[in-house]
Amino acid sequence: MNRRAIAGILGLVLVLAYWMNSWRGHDPRLASGDTKTSSLYTGKEPKRKLRITFPATGKPGFVQESVEIFATRAESSQVKQVLLALYRGGKAPGSGKAFPGAWKTREVFLDGKGLVVVDLESSSLALPGGTTAEYMSLYTLVKTLRDAFPSIRAVQILVDGERRDSLAGHIDISDPLTLEDF
Amino acid sequence: MAVALLACGRLNAAGLLLIDAGHGGSDLGVKAPDFQEAAAVLEIAKRLQSQLKAAGIESALTRSDASAGPTLSERATLANASGARAYLSLHINFSPSAQAKGARIFFPRGLSSAPAAATAGLLAWDKAASSRAAEARALAQQLALSLSAPDSGKASVQNLNLAPFRGLRLPAVLVELDFASNPASLARLKSEEFRKTLSQRLVQGIKAWAATLPPSGVAP
């Protein structure tokens, strides 16, 4: 193998190493799931730390975990990043998952007056049934968005772009949900 | 559906209580190995109706076979036309925590937490159950007492706006009898003996609540 070939291989390795390193900057927790993460952030934005609420597994109630997201200019992209982390469930011991399966967000809209509309994809909703499971999903979603985004007061859930009475026959989601509803 | 039931004379025969076995039809509710919520609560509902009859209390069911799965709106229409003094919806619960166990009893939020229009006397049809929250709480509390037991723990009571309460004009309570997500509770829920025990406990609570009602038919 001559020097030119060796230099070529080394160059290729360097390019590959640079490409892999640039991807390492993305939070792998957010790189899988529903919304295309490439459209949520560039990876160059500053990061912001926030707390996400998960159901506790070893005791009644809830636990909170810190998560970092990219502070994108579009708040809807931040909401989507938070939802992805919420759907994936907690990582700390005693922290559970309120969204079984792989939930998908079709779109997020903010009206600028305190309402966020979260449009879910029906085929991704894998609720096991029961009031408590539905309560856990919706409470952690509303609580997390309320804590992470002070401007958000209420959350309107849509499924495939339409209002529904409930996700699986229990909690009433026909109107926007606030923390006071729980 | 309500028309069909009127035709066969069932609606006026609801008596004290309209018992709703949750889910049904293609909606099986909570599923676990050898267990389906829709079938389990239907069996418990039928057993409850029979035991109430033996105690001299008339009741009716929103559905009586596994293939029937009325919508929530159809159930509300049926309940409002039934003449029953309360609506009791039976369900089986599920939690991300395998430790959760025991009954959870829900009744609608009262008018104070309903929209502002309600306080002005303009109550939206879908929030009507809120106007009967105090009466529903009385039934819920009696059921919590009777469903609290050493095997399943203390039953809790919570006011929450649930979709099955939408449009109901009578006091309504939803009972999650136990958790299918708890292995010990699931094993109990599968046994005929425990289902019999659950319906007996429900009867005790309903009888205690009924004893507080004035004979006029108007709840206090």
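Below, chain A is the first sequence line, B the second, and so on; all start at residue 1. No experiment lies behind these values; they were computed from the predicted model shown.
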Do you know which two heavy atoms are closest between A/Ala56 and B/Ser97, and how far apart they sit? O-CB, 3.9 Å
Quick check on B/Phe165 against chain A: is it the side chain, the backbone, both or neither that has a heavy atom closer than 4.5 Å? neither
Counting only heavy atoms not in B/Arg188, do more than 12 sit closer than 6.0 Å to its CZ atom? yes
If you count heavy-atom pairs under 4.5 Å between each of A/Glu180, A/Glu134, A/Lys97, A/Lys59 and chain B, which one has the most? A/Glu180
Output the distance between atom CG (B/Asn93) and atom OG1 (A/Thr132), rounded to the nearest 0.5 Å. 3.5 Å
Neighbour count above 12 (heavy atom, 6.0 Å) for B/Lys190 NZ: yes
A/Met136 versus B/Ser95, closest heavy-atom pair with distance: CE-OG, 4.2 Å
Which heavy atom of A/Pro128 sits nearest a heavy atom of B/Phe94, and at what distance? CG-CD2, 3.2 Å
Check the pair B/Arg104 / A/Tyr135 against side chain to side chain contact (heavy atoms under 4.5 Å, CB included), numbers first and verdict last. CA-CA 12 Å; B/Arg104 301 281 187 273; A/Tyr135 182 98; over 6 Å; no
Please determine, among B/Gly22, B/Pro164, B/Gly29, the option with the most heavy-atom pairs under 4.5 Å with chain A. B/Pro164
Segment of A/Pro55 engaging chain B (4.5 angstrom heavy-atom cut-off): side chain
Pick whichever of A/Leu127, A/Ile173, A/Thr131, A/Ile171 has the most heavy-atom pairs under 4.5 Å with chain B. A/Thr131
Okay, B/Leu174 and chain A: the region with an atom under 4.5 Å from a heavy atom over there is side chain
Classify the ring geometry of A/His170 against B/His91: parallel below 30°, tilted from 30° to 60°, perpendicular beyond 60°. perpendicular
Return yes when atom CZ of B/Arg47 has more than 12 non-hydrogen atoms of other residues, nucleotides or ligands closer than 6.0 Å, and no otherwise. yes
Could you tell me whether the side chains of A/Ser174 and B/Arg166 share a donor-acceptor contact shorter than 3.5 Å? yes
